[in-house]
Trainee: 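Have a look at this one before I ask anything.
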Amino acid sequence: MKYDFKDKVVLVTGGTGSFGGMFATYLLKTDVKKIIVFSRDEKKQEDMRRTYPDPRMTFVIGDVRDIDSVNRAMKGVNYVFQAAALKQVPSCEFNPFEAVKTNVIGSENVLNAAVDNQVEKIVVLSTDKAVYPINTMGITKALMEKIAIAKARDVSIKGNGPKITITRYGNVMCSRGSVIPFFIDRILKGQPLTITDPNMTRFMMSLEQSVDLVLFALFDASQGEIAVQKSPAATVQQVAESLMRLLKKEVPLEIVGARHGEKMHESLCSKEEMTLAIDCEDYFRVPADLRNHDYSFQASNVIKHKNEYASYNTRMLNSEELDFLLKSQPYVKGYLK
């Protein structure tokens, strides 16, 4: 494999989610020494323990909101992946301070514990909703990014400490709570598909690609950088029609309008970030400004106009491409059999 995990201890917070399962599948094929799955849901941990009966898997009950439980889990860890989050946009809209406690305070706890326990590298997982945020989930994730960059700046100025990087995801297909499992369930039951807006666009990213992105951030990105994968996009209506074609069953479409806090289109890089972004073929790396408060010298970058990198101006999938992409996803394949 390209990346070396030999004799490393890896901690994944929120590790019982969709990303945690896919990442565990990857890590168990390496020479990793130990994988610590940290989460507050004992039922999901038990399910995961049965799915991955490997002695290198360790499960710790705890909550990123509780710094003591995070510190206990962090002992002897080399790499940390901060995936614990409240991710559902409407849930965060109705419970905004709960999102603050997990996405902001919880992430601060993980970063502080990682620095205090002298881990080597930290990757925090963010979202396209953190760019030009209009909803609670995006705002709290944007704050998480700023906290991570501030911590990276502090480490850089002091000259010692872990490497801290950030990943931004678009729509991860077939992840828990996402639209594809919801659509499949309704199609199979013969129920109408409720669509927010047929022209709403979203980036399309597989769970496997989500693992590739964090590996790129862990090993190839520099201190404080945000790593973004270049991804194609599709409209919500395209996704609904593609799934009906694949399942060979047609149901009515009902347009219900945008939910609380939803955007028409999502952005993975702002206009301002694109002026600085480093093109790495399949990825963008957005460098962090790691200067201190001394602005007496000139910055090397010159701000010039560029478009944001968004789901309306990336490559749009056609029907054939989207069908191929969806039917290649393991979750969808299970229903096609």
Trainee: Side-chain contact, heavy-atom cut-off 4.5 Å: Met173 with Leu325?
Mentor: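 A side-chain contact exists here, since the closest heavy-atom pair is under 4.5 Å.
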Trainee: Distance check, rounded to the nearest 0.5 Å: Ser18 atom OG versus Phe23 atom CZ?
Mentor: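 Reported to 0.5 Å precision, the distance equals 15.0 Å.
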Trainee: For Ala24 and Met57, work out which heavy atoms get closest and say how close.
Mentor: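 For Ala24 versus Met57, the nearest heavy atoms are CB-CE, 4.1 Å.
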Trainee: I'd like to know if the side chain of Lys129 reaches the main chain of Ala142, judged simply by a donor and an acceptor atom lying under 3.5 Å from each other, with no hydrogens or angles considered.
Mentor: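 Here the side-chain-to-backbone pair does not exist.
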Trainee: Is there a side-chain contact between Glu208 and Gln329 in this structure, where contact means two heavy atoms from C-beta onward sitting under 4.5 Å apart?
Mentor: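 The answer is yes, as the side chains (C-beta and beyond) meet within the 4.5 Å cut-off.
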Trainee: To the closest 0.5 Å, what do you measure between OG (Ser178) and CG (Asn171)?
Mentor: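 Reported value, rounded in 0.5 Å steps: 6.0 Å.
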Trainee: Under 3.5 Å, side chain of Gln191 to main-chain N/O of Ile187, donor-acceptor pair present?
Mentor: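 Such a contact is absent between Gln191 side chain and Ile187 backbone.
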Trainee: Does atom CD of Glu46 have more than 12 heavy-atom neighbours, drawn from other residues, nucleotides or ligands, at distances under 6.0 Å?
Mentor: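 Yes, CD of Glu46 has more than 12 neighbouring heavy atoms, counting only those of other groups under 6.0 Å.
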Trainee: Please enumerate all residues that pass side chain to side chain contact (heavy atoms under 4.5 Å, CB included) together with Arg315, with sequence neighbours excluded.
Mentor: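 Partners of Arg315 under the side chain to side chain contact (heavy atoms under 4.5 Å, CB included) test: Pro232, Leu317, Glu321.
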Trainee: List the residues meeting salt bridge (charged side-chain N to carboxylate O under 4.0 Å, His left out) with Lys151, not counting sequence neighbours, and say none if there are none.
Mentor: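 Salt bridge (charged side-chain N to carboxylate O under 4.0 Å, His left out) list for Lys151, sorted by chain: empty.
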Trainee: Is there a side-chain contact between Val251 and Arg186 (heavy atoms, below 4.5 Å)?
Mentor: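 Not in contact.
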Trainee: Leu243 and Ile180: side-chain contact (heavy atoms from CB on, under 4.5 Å), yes or no, with the steps?
Mentor: CA-CA 8 Å; Leu243 288 171; Ile180 291 173; 4.1 Å; yes
Trainee: If the threshold is 4.0 Å, N to carboxylate O, is there a salt bridge linking Arg72 and Asp68?
Mentor: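 No, Arg72 and Asp68 are not salt-bridged.
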Trainee: For residues Leu322 and Asn318, determine if any side-chain heavy atom of one lies less than 4.5 Å from a side-chain heavy atom of the other.
Mentor: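 Side chain of Leu322 against side chain of Asn318, heavy atoms only: no contact under 4.5 Å found.
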Trainee: Between the side chains of Glu120 and Lys8, is the shortest nitrogen-to-carboxylate-oxygen separation below 4.0 Å, so that they form an ion pair?
Mentor: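 Salt bridge flag = yes for Glu120 with Lys8.
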Trainee: When clusters are formed by joining ILVMFWY residues with side-chain heavy atoms under 4.5 Å apart, either directly or through shared neighbours, do Val115 and Ile67 land in the same one?
Mentor: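 They do not share one cluster, since no chain of ILVMFWY contacts under 4.5 Å joins Val115 to Ile67.
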Trainee: Would you give the length of the straight line joining atom CG of Asp63 to atom OG of Ser39, rounded to the nearest 0.5 angstrom?
Mentor: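 Output value for this atom pair is 9.5 Å.
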Trainee: Got Ile36 and Val12 here, is their nearest side-chain heavy-atom distance under 4.5 Å?
Mentor: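 No, every pair of side-chain atoms sits at 4.5 Å or beyond.
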Trainee: Please confirm whether the ring centroid of Phe5 lies under 6.0 Å from the ring centroid of Tyr79.
Mentor: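 So the answer is yes for these two rings.
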Trainee: Treating Lys263 as the side-chain partner and Tyr132 as the backbone partner, does any N or O pair qualify as donor plus acceptor under 3.5 Å?
Mentor: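 Such a contact is found between Lys263 side chain and Tyr132 backbone.
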Trainee: Please check if the number of heavy atoms outside Lys249 that lie under 6.0 Å from its NZ is greater than 12.
Mentor: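 Correct, the count exceeds 12.
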Trainee: Hey, are the side chains of Leu28 and Tyr26 touching, using non-hydrogen atoms and a 4.5 Å cut-off?
Mentor: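 No, every pair of side-chain atoms sits at 4.5 Å or beyond.
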Trainee: State, to 0.1 Å, how close Ile139 and Pro133 come at their nearest heavy-atom pair, and which atoms those are.
Mentor: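 Closest pair (atom of Ile139, atom of Pro133, distance): N-CB, 3.6 Å.
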Trainee: Less than 4.0 Å between a side-chain N and a carboxylate O, is that true for Arg202 and Glu266?
Mentor: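 Between Arg202 and Glu266 there is a salt bridge, with a charged N closer than 4.0 Å to a carboxylate O.
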Trainee: Let me check something: do Phe81 and Tyr283 share a hydrophobic cluster, defined by ILVMFWY side-chain heavy atoms less than 4.5 Å apart, either directly or through other members?
Mentor: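 Same cluster: Phe81 reaches Tyr283 through Ile, Leu, Val, Met, Phe, Trp or Tyr contacts under 4.5 Å.
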Trainee: Using the six-membered ring wherever Trp is involved, compare the ring planes of Phe219 and Tyr3 and label them parallel, tilted or perpendicular (cut-offs 30° and 60°).
Mentor: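 It falls in the parallel class, under 30°.
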Trainee: Spell out, as yes or no, whether a donor-acceptor pair under 3.5 Å connects the side chain of Arg153 to the backbone of Ala148.
Mentor: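 A pair under 3.5 Å: no.
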Trainee: Please check this pair: side chain of Gln223 against backbone of Pro162, looking for a donor-acceptor N/O pair closer than 3.5 Å.
Mentor: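 Between the backbone of Pro162 and the side chain of Gln223 there is a qualifying donor-acceptor contact (under 3.5 Å).
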Trainee: My understanding is that only residues two or more places apart in sequence, or in another chain, count here; which of them pass side chain to side chain contact (heavy atoms under 4.5 Å, CB included) with Asp185?
Mentor: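 Result, side chain to side chain contact (heavy atoms under 4.5 Å, CB included) vs Asp185: Lys189.
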Trainee: Would you mind checking if Lys6 and Asp4 are paired as a salt bridge, meaning a charged N to carboxylate O distance below 4.0 Å?
Mentor: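 Lys6 and Asp4: not salt-bridged.
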Trainee: When you check the gap from the basic side-chain N to the acidic O, do Arg56 and Asp54 get nearer than 4.0 Å?
Mentor: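 Yes, this pair counts.
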Trainee: Taking the six-membered ring for Trp, are the ring centroids of Phe203 and Tyr312 within less than 6.0 Å of each other?
Mentor: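 So the answer is no for these two rings.
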Trainee: Between Glu273, Arg168, Arg285, which is the residue that forms a side chain to side chain contact (heavy atoms under 4.5 Å, CB included) with Val228?
Mentor: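 Answer to the side chain to side chain contact (heavy atoms under 4.5 Å, CB included) test with Val228 among Glu273, Arg168, Arg285: Arg168.
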Trainee: What pair of heavy atoms forms the shortest contact from Met144 to Ser126, and how long is it?
Mentor: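 Of all heavy-atom pairs spanning Met144 and Ser126, the closest is CE-CB, 3.7 Å.
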Trainee: Give the intermediate values and the outcome of side-chain contact (heavy atoms from CB on, under 4.5 Å) for residues Leu111 and Ile164.
Mentor: CA-CA 9 Å; Leu111 285 160; Ile164 302 169; 3.9 Å; yes
Trainee: Within a reach of under 6.0 Å around CZ of Phe182, are more than 12 heavy atoms found that belong to other residues, nucleotides or ligands?
Mentor: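 Yes, enclosed.
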Trainee: Under a 4.0 Å N-O cut-off, is there an ion pair linking Asp154 with Lys158?
Mentor: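 Here Asp154 pairs with Lys158 in a salt bridge, since their nearest N and O are under 4.0 Å apart.
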Trainee: So, do Leu246 and Leu336 sit near enough that their side-chain heavy atoms are less than 4.5 Å apart?
Mentor: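 When only atoms from C-beta onward are counted, Leu336 and Leu246 do touch, with a gap below 4.5 Å.
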Trainee: Hey, could you give me the NZ/CZ distance between Lys44 and Arg49, rounded to the nearest 0.5 Å?
Mentor: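 Lys44 NZ to Arg49 CZ: 15.0 Å, rounded to 0.5 Å.
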Trainee: Please confirm whether the backbone N or O of Ala85 pairs with a side-chain atom of Thr102, one donor and one acceptor, at under 3.5 Å?
Mentor: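 Here the side-chain-to-backbone pair does not exist.
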Trainee: Same cluster or not: are Val89 and Val179 linked, directly or through other Ile, Leu, Val, Met, Phe, Trp or Tyr residues, by side-chain heavy atoms under 4.5 angstrom apart?
Mentor: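 Cluster IDs for Val89 and Val179 differ.
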Trainee: Rounded to the nearest 0.5 Å, what separates atom CD in Glu250 from atom CE in Met244?
Mentor: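 With rounding to 0.5 Å, CD (Glu250) is 5.5 Å from CE (Met244).
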Trainee: Roughly how far, to the nearest 0.5 Å, is CD1 of Ile147 from CD1 of Ile166?
Mentor: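 So the CD1 of Ile166 and the CD1 of Ile147 are separated by 10.5 Å.
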Trainee: Are more than 12 heavy atoms, taken from residues, nucleotides or ligands other than Lys34, located less than 6.0 Å from that residue's NZ atom?
Mentor: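 For Lys34, atom NZ is not crowded (no more than 12 foreign heavy atoms under 6.0 Å).
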Trainee: Within the side chain of Ser267, is there an N or O that forms a donor-acceptor pair under 3.5 Å with the backbone of Ser270?
Mentor: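 No, the answer is negative, given that no donor and acceptor are paired below the 3.5 Å cut-off.
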Trainee: How close do Val60 and Gln45 get, counting heavy atoms only, and between which atoms?
Mentor: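 So the two residues come closest at O-NE2, 2.9 Å.
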Trainee: Which heavy atom of Pro198 sits nearest to which heavy atom of Gln237, and what is that distance?
Mentor: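 Minimum heavy-atom contact is CB-OE1, 2.7 Å.
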Trainee: I'd like to know if Asp7 and Lys33 make a salt bridge, using a cut-off of under 4.0 Å between side-chain N and carboxylate O.
Mentor: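 Salt bridge: no.
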Trainee: Quick one: are Val37 and Thr58 in side-chain contact, heavy atoms under 4.5 Å?
Mentor: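 They are not in side-chain contact.
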Trainee: What pair of heavy atoms forms the shortest contact from Met137 to Leu86, and how long is it?
Mentor: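 Reported closest heavy-atom pair: CG-O, 3.4 Å.
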Trainee: Does the Asn117 side chain pair with the main chain of Ala113, one donor and one acceptor, at a distance under 3.5 Å?
Mentor: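 Indeed, once roles are kept as given, a pair shorter than 3.5 Å links the two residues.
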Trainee: Is there a side-chain hydrogen bond (donor to acceptor under 3.5 Å, both in side chains) between Asp323 and Ser242 once you walk through the steps?
Mentor: CA-CA 6 Å; Asp323 287 358; Ser242 179; 2.4 Å; yes
Trainee: Same cluster or not: Val32 versus Leu215, using hydrophobic residues (I, L, V, M, F, W, Y) connected whenever any side-chain heavy atoms lie under 4.5 Å apart?
Mentor: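 In one cluster: yes.
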Trainee: Using the ring of Phe284 (Phe, Tyr or Trp, six-membered ring only), decide whether Lys230 places NZ or CZ under 6.0 Å from its centre and within 45 degrees of its axis.
Mentor: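 Yes, Lys230 and Phe284 form such a contact.
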Trainee: Looking at Ala84, is its backbone amide N or carbonyl O close enough to the side chain of Gln82 to form a donor-acceptor pair, meaning the two atoms are under 3.5 Å apart?
Mentor: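 Yes, Gln82 side chain to Ala84 backbone: donor-acceptor pair under 3.5 Å.
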Trainee: When clusters are formed by joining ILVMFWY residues with side-chain heavy atoms under 4.5 Å apart, either directly or through shared neighbours, do Ile149 and Phe216 land in the same one?
Mentor: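 No, Ile149 and Phe216 fall in different hydrophobic clusters.
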Trainee: Does the Thr25 side chain pair with the main chain of Gly21, one donor and one acceptor, at a distance under 3.5 Å?
Mentor: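 Looks like yes, one N/O pair under 3.5 Å.
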